[in-house]
Amino acid sequence: MRRRGAVQRKVPCLFVTEVKDEPSAKRERQPFKVLATDTITGKALEADVHSAVPTEKVDGTCCYVTTYKEFVWNIEEDFKPVPDTWIPAKDIEFSNGNPLPDENGHMPGWVPVEKNSKQYCWHSSVVNYEAGIALVLKHHADPGLLEISPVPLSEILEQTLELIGTNINANPYGLGSKKHPVHLLVPHGAFEIKNPPALKQNDILSWFESCREGKVEGIVWHCHDGCLIKLHRHHLGLPWPLAETYLNSQPVVISFNRTKYDYDFEPKSLFHHFSVLDGQRFDRLKDIKFDA
């Protein structure tokens, strides 16, 4: 799979943002909104965002595939305590052996997902450690078609991906059900936007509101220097999630080579269910259902 910039820090917004008070009726929920102005940030301009590759921002939880090594940190009291196995993001800076927060006060990092972890069971459901594979959603070779297939972990090593599905972020893509949850990994930058709007607030706003391809959570621009720049619908005062999204309305095929992955998958696992659906095509991603 073609690799694009990995997420190893909080991704900055395309536009300069400003904080505005919410109407009093909504104050109990959130007293303010962070909205975009029409001024592109200096950081985005320095990264040459005008020549960057725009991709769909997928709504899930960020994951990082790497060889697991245990780290032990002595975090100072003013930092939020982290597990002993916490792995700092690659762009984190250190002082006297301690990780430092970035300019936004964040200290991004990773926590290993153990095979039988109940806390991270949905993460574990998309990885088979014995077979060394993960369930990945990506573009099929045929234009306009998505594909779900097992991918060797070695092929996505050092990449970051987004975990989406039934029990992630209130399931904006309508995947699976409570009885039969469906979760998938999406490589960051996997879904390039073919007809992107100009980098002007009004053009992007119009694209979000009126284009089928604009029914997404946001846009992430992958710059040539590896920098990532984003814009969320919320930055323009637009709602999310939507009843119908661009991602969940696209056709998808299940490509699970049972000869290549001749493995005795646990009957209740996602790998078993998807292997049974090998070769089947669904009109929409959200139409995928497993037999009771």
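Residue D142 places its CG atom among more than 12 non-hydrogen atoms of other residues, nucleotides or ligands, all under 6.0 Å distant. Other residues, nucleotides and ligands contribute over 12 non-hydrogen atoms within 6.0 Å of the NZ atom of K289. Residue D225 qualifies as enclosed at atom CG: its count of foreign heavy atoms under 6.0 Å is above 12.
Residues L238 and V19 fall into different hydrophobic clusters, defined by Ile, Leu, Val, Met, Phe, Trp and Tyr side chains chained together at heavy-atom separations under 4.5 Å. Taking hydrophobic clusters as Ile, Leu, Val, Met, Phe, Trp and Tyr residues chained together by side-chain heavy-atom distances below 4.5 Å, L228 does not share a cluster with L199. L285 and V276 are members of different hydrophobic clusters when ILVMFWY side chains are connected at heavy-atom separations under 4.5 Å. Cluster annotation: L184 is not connected to Y246 through the hydrophobic network of ILVMFWY side chains, with a link wherever side-chain heavy atoms come within less than 4.5 Å. I204 and V16 sit in two unconnected hydrophobic clusters of ILVMFWY residues. Membership requires side-chain heavy atoms under 4.5 Å apart, directly or through other members.
Pairs engaging residues 228-238 under the side chain to side chain donor-acceptor pair (under 3.5 Å) rule: E217-H232 [sequence neighbours left out]. Residue pairs meeting the side chain to side chain donor-acceptor pair (under 3.5 Å) criterion with at least one partner in residues 269-281, sequence neighbours excluded, are absent.
Between the S206 side chain and the D203 main chain, no donor and acceptor come within less than 3.5 Å of each other. Judged by distance alone, with hydrogens and angles left aside, the side-chain atoms of T166 form a donor-acceptor pair with the main-chain N or O of L175 at under 3.5 Å. Distance alone, capped at 3.5 Å, places no donor-acceptor pair between the H222 side chain and the V53 backbone. Remark: side-chain polar atoms of Y173 are paired, donor with acceptor, to backbone N or O of D59 under 3.5 angstrom. A distance-only check finds a donor-acceptor pair linking the side chain of N169 to the backbone of G60 [under 3.5 Å].
A donor-acceptor pair shorter than 3.5 Å can be found between the side chains of T66 and E158. A donor-acceptor pair shorter than 3.5 Å can be found between the side chains of S51 and D48.
To the nearest 0.5 Å, atom OG1 of residue T39 and atom CZ of residue F15 are 8.5 Å apart. Atoms NZ and CZ, from K57 and F191 in turn, are 14.0 Å apart once rounded to the nearest 0.5 Å. A distance of 5.0 Å separates CZ of F256 from CD1 of I133, quoted to the nearest 0.5 Å. Interatomic distance, CG of L270 versus CH2 of W122, reported as 9.0 Å (0.5 Å rounding). The distance from atom NE2 of H140 to atom OG of S255, rounded to the nearest 0.5 Å, is 4.5 Å. Put simply, CD1 on I288 and CZ on F274 are 5.0 Å apart, with the number rounded to the nearest 0.5 Å.
Contact record, W240 with T245: CH2-CG2, 3.7 Å, taken as the closest heavy-atom pair. Between Q159 and P187, the shortest heavy-atom distance links the atoms OE1-CB, 4.0 Å. Closest non-hydrogen pair, L236 versus Q201, comes out as CD2-CG, 3.5 Å. T61 approaches E162 most closely through the heavy-atom pair N-OE2, 3.4 Å. Scanning all heavy atoms of the two residues, the minimum distance from V253 to L145 falls at CG1-CD2, 3.9 Å. Across all their heavy atoms, A134 and L153 have their closest contact at CB-CD2, 3.9 Å.
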Requested in this report: Give the C-alpha distance, both sets of side-chain angles, the deciding distance and a yes or no for side chain to side chain contact (heavy atoms under 4.5 Å, CB included) between L247 and L137.
Outcome: CA-CA 11 Å; L247 184 61; L137 173 67; 4.3 Å; yes
Requested in this report: Check step by step if side chain to side chain contact (heavy atoms under 4.5 Å, CB included) holds for T37 and E18.
Outcome: CA-CA 7 Å; T37 66; E18 58 185 14; 3.8 Å; yes
Requested in this report: Kindly determine whether K215 and E213 satisfy salt bridge (charged side-chain N to carboxylate O under 4.0 Å, His left out), including the steps that lead there.
Outcome: CA-CA 6 Å; K215 295 184 181 300; E213 198 178 11; over 6 Å; no
Query raised in the report: Given S249 and R212, is the side chain to side chain contact (heavy atoms under 4.5 Å, CB included) satisfied, shown in steps?
Result: CA-CA 10 Å; S249 63; R212 177 172 176 261; 3.6 Å; yes
Report task. Apply salt bridge (charged side-chain N to carboxylate O under 4.0 Å, His left out) to the pair E244 and K286, showing each step before the final yes or no. Result -> CA-CA 10 Å; E244 287 287 334; K286 68 178 184 179; 2.6 Å; yes
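Annotation: side chain to side chain donor-acceptor pair (under 3.5 Å) contacts of N167 (sequence neighbours excluded): none. Partners of E147 by salt bridge (Lys or Arg N to Asp or Glu O under 4.0 Å), not counting sequence neighbours, listed by chain and number: K138. Among residues two or more places apart in sequence or in another chain, the side chain to side chain donor-acceptor pair (under 3.5 Å) test is passed with E266 by none. Legend: residues meeting ring-ring contact (aromatic ring centres under 6.0 Å, His included) with W207, ordered by chain and number and at least two apart, are absent.
Looking at heavy atoms from C-beta onward, I193 lies in side-chain contact with I219 at the 4.5 angstrom threshold. Here the side chains of L14 and I40 are in contact, with some heavy-atom distance below 4.5 Å. A heavy-atom distance below 4.5 Å is not found between the side chains of L161 and H188. Using a 4.5 Å heavy-atom cutoff, the side chains of P12 and I229 are in contact. The side-chain heavy atoms of C63 and L163, taken from C-beta on, include a pair separated by under 4.5 Å. Considering only heavy atoms from C-beta on, I254 comes within 4.5 Å of F282 through its side chain. In this structure the side chain of T17 never reaches within 4.5 angstrom of the side chain of L35, judged on heavy atoms. The closest side-chain heavy-atom distance from V58 to I164 is below 4.5 Å.
Between F290 and H180, the angle of the ring planes goes over 60°, which puts this pair in the perpendicular group of the 30/60° scheme. Using the six-membered ring where Trp is involved, F271 and F265 have ring planes that are parallel, under 30° apart on the 30 and 60° scheme.
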